[in-house]
Amino acid sequence: MQMALIEAEEALEQGEIPVGAVIVLDNKIIARAHNLTQTLNDVTAHAEMQALTSAFHHLGAKYLNDCTLYVTLEPCVMCAGALYWAQIGKIVYGAADPKRGYSLVNDPLLHPKTAVVKGVLANESQVLLEVFFKKLRR
């Protein structure tokens, strides 16, 4: 999760919403990414989506059953859908997203075999988001 926070800090430096993600397989990072929605003018360029694409290319496969995604913010509905189709093995996230998080939807959005761990380094993740939005409002 520390590496995901580093990615989120990079996003903050680039003027992006500070969300970072890494995907791990066998204790090795196979993908790392952060939000690029402003840079790419692409509303789908969330950290999770960027990391998924990188992991698929790295493995030459479309399923990530044995992988863990570490992400600093609870995935949105779009990202949860992509994670479902990727059949990601585990998701570990930091801060909850009370406005756009996938957990707001009553129906399960993740693959039934996907394990979820919530709140890891949540405070550190939340602080980055607060810094970003305070700057934005000035």
Side-chain angles (χ1 to χ4, degrees):
M1 187 58 112
Q2 289 289 347
M3 298 308 290
L5 274 171
I6 290 170
E7 287 293 323
E9 290 167 356
E10 178 69 24
L12 182 63
E13 290 174 17
Q14 293 177 10
E16 298 278 355
I17 295 174
V19 178
V22 296
I23 296 179
V24 174
L25 175 64
D26 297 329
N27 293 317
K28 294 179 186 166
I29 294 174
I30 62 166
R32 62 180 68 229
H34 54 270
N35 272 7
L36 290 172
T37 59
Q38 298 299 319
T39 302
L40 299 177
N41 290 316
D42 180 351
V43 296
T44 68
H46 291 193
E48 301 95 324
M49 302 297 277
Q50 300 300 306
L52 283 171
T53 298
S54 183
F56 297 143
H57 287 239
H58 176 83
L59 295 175
K62 62 182 179 179
Y63 298 118
L64 304 175
N65 315 75
D66 298 323
C67 295
T68 300
L69 167 72
Y70 294 88
V71 62
T72 58
L73 181 64
E74 176 185 356
C76 70
V77 171
M78 174 186 69
C79 292
L83 293 163
Y84 173 92
W85 291 112
Q87 298 180 19
I88 192 88
K90 185 176 184 180
I91 300 169
V92 178
Y93 71 82
D97 187 348
K99 293 183 180 178
R100 303 266 187 277
Y102 79 91
S103 64
L104 295 172
V105 177
N106 290 331
D107 294 329
L109 295 179
L110 300 175
H111 193 277
K113 292 183 181 178
T114 299
V116 178
V117 177
K118 306 171 186 180
V120 176
L121 298 180
N123 290 336
E124 294 84 342
S125 300
Q126 187 66 42
V127 165
L128 289 176
L129 291 163
E130 289 170 1
V131 166
F132 175 81
F133 285 109
K134 281 181 185 176
K135 284 183 185 177
L136 192 65
R137 290 183 186 112
R138 286 185 191 164

Can you tell me which residue pairs pass the side-chain hydrogen bond (donor to acceptor under 3.5 Å, both in side chains) test with a partner in residues 119-137, sequence neighbours excluded? none

Between atom CG of Leu83 and atom CD1 of Ile91, what is the distance when rounded to the nearest 0.5 Å? 4.5 Å

Considering all heavy atoms of both residues, which atom of Ala21 and which atom of Val71 are nearest to each other, and what is their separation? CB-CG2, 4.1 Å

Of the non-hydrogen atoms in Met49 and Cys79, which two are nearest, and what is the gap between them? CG-SG, 3.8 Å

Please list, chain by chain and in numerical order, all residues satisfying side-chain contact (heavy atoms from CB on, under 4.5 Å) with Val127, sequence neighbours excluded. Val131

Using 30° and 60° as the class limits, which term best fits the ring planes of Tyr102 and Tyr93: parallel, tilted or perpendicular? perpendicular

Roughly how far, to the nearest 0.5 Å, is OG1 of Thr72 from CG of Asp97? 10.5 Å

Value rounded to 0.5 Å, distance of NZ in Lys90 from CG in Leu69: 11.5 Å

Qualifying residue for side chain to side chain donor-acceptor pair (under 3.5 Å) with His34, from Glu13, Gln14, Glu9, His46: Gln14

So, Asn35 side chain and Pro18 main chain: donor-acceptor pair closer than 3.5 Å or not? no

Check: Thr39 main-chain N/O paired with Glu16 side-chain donor or acceptor under 3.5 Å: yes

Testing the basics here: between Ala33 and Ala47, what is the closest heavy-atom pair and its distance to 0.1 Å? CB-O, 3.6 Å

